[in-house]
Amino acid sequence: MENELSGLSATFDREIDVANTLKELDSIRIKFLGRKGLLSVFYEKFGKLSKEERPKIGQILNSMKNKIEEKITRKVEALSETIPSISIDYTMPGYKIPAGKYHLISQTIKRVKDIFQGLNFDIADGPEIETDYYNFESLNFPEHHPARDMQDTFHVDGKHVLRTHTSPVQIRTMEKRTPPLNIISIGKCYRNDPLDASHLPVFQQVEGLMISEEVNFGDLKGVLKIFFSEFFQKETNIRLNPSYFPFTEPSAEVSVTCPICTNGCPLCKKSGWIEIFGAGMVDPNVFKKVNYDAEKWTGFAFGGGIERLTLIKHSINDIRLLYENDVRFLNQF
Ligand code: DAH
């Protein structure tokens, strides 16, 4: 038995010498020390030995078991220490993870909100599926009035439309709140317009409303001048030309000095001016619909396209580019 044990010891020494992975060491441990391992056979035989033989063989068996355990443990430790320094080079440059950014339209919306909030305007909201009452009637578009044809409407059913503008939020806000108030609202609008370089069937508008005991056209012009100068990050002048909207009287078409050029470019069609918003003084008929005293309160309102603001700011000549989501285009801004 002594000979057999020294043979086993030699086998173990050979195998442990060539093992160089943790997996191999684990197999060696199972092979020699496992419950059905090579050493267990000797422990079984040990039980059948005579009293005289036991002490000596017992000692050999125990010291062999200790030696095997110790050697395996030492080699596991040595391998564990060397593995990280082989597989990780801490001096390698890391991977750069591409950072996301706001979409151009989101950038515009954020900027518009920031500027108006800085001017003490609150943000208001309204539904995109609107009743005929809020989209038209309350805004002084009587039924069958030709002004309804100014906007090609998507009808949902007899009573509901996809809102054609954000102006209904004016009415919803006035119904909920008492004056004075300053609000803007930004959101999606829908019109049955054919898609081209300057029209989308789904687009976004910003709407503004300021009501106080004494506001006038000069205040409207002042607020818009501050807004556009901030938005284009350039001193911008405002021009108001007479226009018509049923819910404002008088009404105006707002133009701004071209933010790109000083003496004429394709964007302003060489005129130096760009039409950008609709605006006006709140019509007394609108105040009547929300039970505001038209003798006491005065207000101005304005509204325009978020996409148009974006196109002008960045000199982009086709509105469709904003929604194609080609990252090669979007990454430029
Ligand atoms: N709602 C108008 C449109 O979509 C834009 C507009 C014009 C809004 C004049 C206003 C305003 O608040 O006062 O064409």
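Order of listing sets the numbers, starting from 1, for every ligand and every atom in it.
Counting only N and O atoms by type, the side chains of Thr257 and Thr236 include no donor and acceptor under 3.5 Å apart.
Within ligand 1, counting atoms from 1 as listed, the ones closer than 4.0 Å to a heavy atom of Gly280 are 13 (O). For ligand 1 and Gln170, the ligand atoms under 4.0 Å from any heavy atom of the residue are 12 (O). Close contacts between ligand 1 and Glu207 involve ligand atoms 8 (C), 10 (C), 12 (O) [criterion: under 4.0 Å to a heavy atom]. Here is the list of ligand 1 atoms found below 4.0 Å of a heavy atom in Ser167: 1 (N), 8 (C). Those atoms of ligand 1 with a heavy atom of Gly278 less than 4.0 angstrom away are 7 (C), 9 (C), 11 (C). The ligand atoms of ligand 1 that sit less than 4.0 angstrom from a heavy atom of Gln205 are 3 (C), 4 (O). The distance from ligand 1 to the heavy atoms of Phe245 drops below 4.0 Å at these ligand atoms: 7 (C), 9 (C).
Contact analysis leaves Phe277 out of contact with ligand 1, as no non-hydrogen atom separation drops below 4.0 angstrom. Residue Arg191 places a heavy atom under 4.0 Å from ligand 1.
The shortest non-hydrogen separation linking Arg163 to Lys188 is NE-O, 2.7 Å. In plain terms, the two heavy atoms of Val254 and Ala279 that are nearest each other are CG2-CB, 3.7 Å.
Among protein heavy atoms, atom 11 (C) of ligand 1 sits closest to Phe247 CE1, 3.4 Å. Atom 13 (O) of ligand 1 has Ala301 O, 3.1 Å as its closest protein atom, hydrogens excluded (heavy atom only). What sits closest to atom 5 (C) of ligand 1 on the protein, heavy atoms only, is Gly303 O, 4.1 Å.
Salt bridge status for Asp125 with Arg172: absent, with no side-chain N to carboxylate O gap under 4.0 Å. We find that Arg320 and Asp318 are joined by a salt bridge, their nearest charged nitrogen and carboxylate oxygen being less than 4.0 Å apart.
Only the backbone of Ala279 comes within contact range of ligand 1, with a heavy atom under 4.0 Å; no side-chain atom does. Within the 4.0 Å heavy-atom criterion, the part of Phe302 lying near ligand 1 is the backbone and not the side chain.
A distance of 7.0 Å separates OG1 in Thr298 from CD in Glu214, rounded to the nearest 0.5 Å. Distance CZ/Phe287 to CZ/Phe247: 13.5 Å, rounded to 0.5 Å.
The cluster map of Ile, Leu, Val, Met, Phe, Trp and Tyr, joined by side-chain heavy atoms under 4.5 Å apart, puts Ile68 and Tyr43 in the same cluster. In the hydrophobic clustering of ILVMFWY residues, with side-chain heavy atoms under 4.5 Å counting as a link, Tyr244 and Phe277 come out apart.
Residue His165 places at least one N or O, backbone or side chain, under 3.5 Å from an N or O of ligand 1. Between Gly208 and ligand 1, not a single N/O pair is under 3.5 Å apart. When only interatomic distances are considered, the shortest N/O to N/O separation between Thr248 and ligand 1 does not fall below 3.5 Å.
Taking the centre of each ring, Phe12 and Phe32 come in below the 6.0 Å mark. Here Phe116 and Phe227 bring their ring centres to under 6.0 angstrom of each other.
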